[in-house]
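Accompanying notes for the structure given below.
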Amino acid sequence: MEEINVHSKKWSHLQGIGLFFLLEIMICATALMVEKQTMEILFYFQALAAITTLFFVGSDWENIRHLLRWKSFSFWKLGACIVLAVLCSLIVQVLVFYLNKTVSPEESNNYTLYQYHPYGNYLMVLSIAVLPAIFEELAYRGYLMQKLLHVVDRKEAIYISSILFFLIHFSLVSFFWLLPFAVLLAYIRIKENTLWYGIVIHFTFNLSSCLVDMLYP
Amino acid sequence: MENENISYCDCCAVKYDAVDAFCKACGFPLQGTQQEQDFYISERNVKEIELIDLDEKVERARNSLYWISGLTLFSLVFVAFKPAPDEDISFTVITTIILSAAFLGLAVWGKTRASTALISGLSLYLIIHILNALFDPLTIFSGIIVKVIIIVYLVKGIKSVIDRDKIRKELNLV
């Protein structure tokens, strides 16, 4: 009886992951469908994804709660994380710049979306650095990974969560940096048993690219 | 006669001491009655047969990843022969080749990391078809039988991997 229970629990964890990921795909794909992107539309879809994430995290709150503690806090590690994230971001920025030049000549700077608004810069930081850092970490390194750990071993949980994180960005080109980045975040999450280092790295990484966009529009 | 106390388990042929009640390797009831021992062996045989069946299902799921890779590559034929002279097909061709290679890679990787490969493969497959369907709803129906078969095989494969890992653990094969 217990065996059947363990099995059906594993299967229900997988179903949870499947449902969550399908919803994420639907939200992101619909956002992609919108012909004329504006700041408001972008925020709308971000809010939708955030609410979905919160809903799923809430459904598994008992298991995820401990990840929001920061027992292993150290300034050294925090500093190292920030330096690492800035370095990675700059390298990726340079690579993407040259890649974009050769692959698609059209300009793709996020800055133009936010420019017109009086608080454009702040809104851009909020939308590119703050919100994704919190909610993507909560979703992929929080909910998804915690569920995966019930089903597969740690190594596979790192791989699967990273691959799903990469896939949801719908960008084949970013394979070279998004996947290693996700593996790094997942590894740190497993090793330190907290989401906060991941959030800091993710935030710093996105913020650096955001600042580069602002400085060189 | 110094080996008097050492014997080999009837079930898994691992050494055991005379004082052991159960085999340390497989859990065989060494001191049990004949009936208990027979029951244990028959249970184990059932599990082994189940394991073979699950291995087959996982293998089928892995094969469907090869199939997806092949079919993706095959779809290039339609792109190449579609009369759209002013359209730049190089982007489609490159994307298709990358996707095909990705599925091929996952299929090969599935030999060692079956659950990762199958879950990733299924996700990628679903994403491709959901995106296609959003941009052109009619694509859902093209080859829908093949799509359903592939998805069923992949889902069954993922389910089998979980069961297989559990049985392997029980049989001490990990």
Side-chain angles (χ1 to χ4, degrees), chain A residues 2-15 17-35 103-105 144 147-148 150-176 179 182-183 186, chain B residues 43 46-47 50 54 72 88 90-92 94-103 105-106 109-110 112-137 151 154-171 174:
Chain A
E2 203 176 287
E3 280 174 18
I4 297 168
N5 248 334
V6 170
H7 166 75
S8 63
K9 262 187 192 164
K10 281 191 175 184
W11 186 237
S12 79
H13 288 310
L14 271 184
Q15 282 174 329
I17 294 168
L19 182 65
F20 174 69
F21 196 61
L22 263 181
L23 280 175
E24 287 267 298
I25 297 175
M26 293 313 260
I27 294 169
C28 294
T30 324
L32 214 65
M33 287 288 294
V34 179
E35 293 231 331
V103 176
S104 61
L144 216 86
K147 285 268 171 203
L148 280 171
H150 289 299
V151 186
V152 291
D153 61 30
R154 286 171 164 207
K155 239 182 188 172
E156 288 199 290
I158 291 178
Y159 291 146
I160 296 173
S161 71
S162 306
I163 291 174
L164 294 185
F165 179 75
F166 156 68
L167 288 178
I168 201 68
H169 284 79
F170 299 146
S171 165
L172 278 178
V173 189
S174 57
F175 175 82
F176 303 100
L179 207 55
V183 170
Chain B
E43 282 269 285
V46 169
K47 277 180 189 161
E50 220 176 301
L54 291 170
T72 313
D88 185 18
S90 62
F91 177 74
T92 320
I94 292 172
T95 314
T96 312
I97 291 174
I98 291 176
L99 287 176
S100 172
F103 280 116
L106 285 174
W109 198 26
T112 45
R113 297 224 170 264
S115 43
T116 311
L118 293 182
I119 293 175
S120 311
L122 179 65
S123 311
L124 183 57
Y125 192 71
L126 286 177
I127 284 183
I128 293 170
H129 289 290
I130 289 175
L131 282 181
N132 273 342
L134 280 175
F135 282 103
D136 179 9
I151 290 173
L154 285 176
V155 172
K156 272 190 174 176
I158 293 170
K159 227 175 168 177
S160 307
V161 170
I162 303 173
D163 290 349
R164 190 178 72 167
D165 289 350
K166 197 196 78 194
I167 292 182
R168 274 186 177 173
K169 233 175 240 169
E170 281 170 11
L171 294 177
V174 193

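Convention: sequence-line order gives letters A, B, ...; per-chain numbering from 1. All of these numbers come straight from a predicted model, not from anything done at the bench.
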Is A:Leu22 close to B:Ile130 at the side-chain level, that is, under 4.5 Å between some pair of heavy atoms?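 B:Ile130 reaches A:Leu22 side chain to side chain.
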Taking the side chain as every heavy atom from C-beta outward, state whether B:Leu131 and A:Leu32 have any pair of such atoms under 4.5 Å apart.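 The answer is yes; the side chains approach within 4.5 Å.
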Where does A:Ile17 contact chain B at under 4.5 Å (heavy atoms): side chain, backbone, both or neither?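 No part of it gets close to chain B.
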Below 4.5 Å from any heavy atom of chain B, which atoms of A:Ile160 appear? Answer side chain, backbone, both or neither.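 It is both, since atoms from each part get that close.
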Is [X] close to chain A through its backbone or its side chain, or both, or neither, when contacts mean heavy atoms under 4.5 Å?
X        : value
B:Leu99  : side chain
B:Leu134 : both
B:Ala133 : neither

Look up atom [atom1] in [X] and atom [atom2] in [Y], then write down how far apart they are to the nearest 0.5 Å.
X        : Y        : atom1 : atom2 : value
B:Ile158 : A:Lys10  : CD1   : NZ    : 14.0 Å
A:His169 : B:Ile127 : NE2   : CD1   : 11.0 Å
A:Asp153 : B:Ser115 : CG    : OG    : 7.0 Å
B:Asp165 : A:Glu156 : CG    : CD    : 7.5 Å
B:Arg113 : A:Lys155 : CZ    : NZ    : 5.5 Å

Can you name the residues that form a side-chain contact (heavy atoms from CB on, under 4.5 Å) with B:Ser123, not counting sequence neighbours?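 side-chain contact (heavy atoms from CB on, under 4.5 Å) list for B:Ser123, sorted by chain: A:Phe21, A:Leu164, A:Leu167, B:Ile119.
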Within a reach of under 6.0 Å around CZ of A:Phe170, are more than 12 heavy atoms found that belong to other residues, nucleotides or ligands?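 Counting neighbours around CZ of A:Phe170, more than 12 heavy atoms of other residues, nucleotides or ligands fall under 6.0 Å, so yes.
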CZ/B:Phe135: more than 12 non-hydrogen atoms of other groups inside 6.0 Å: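 Check passes, neighbour count above 12.
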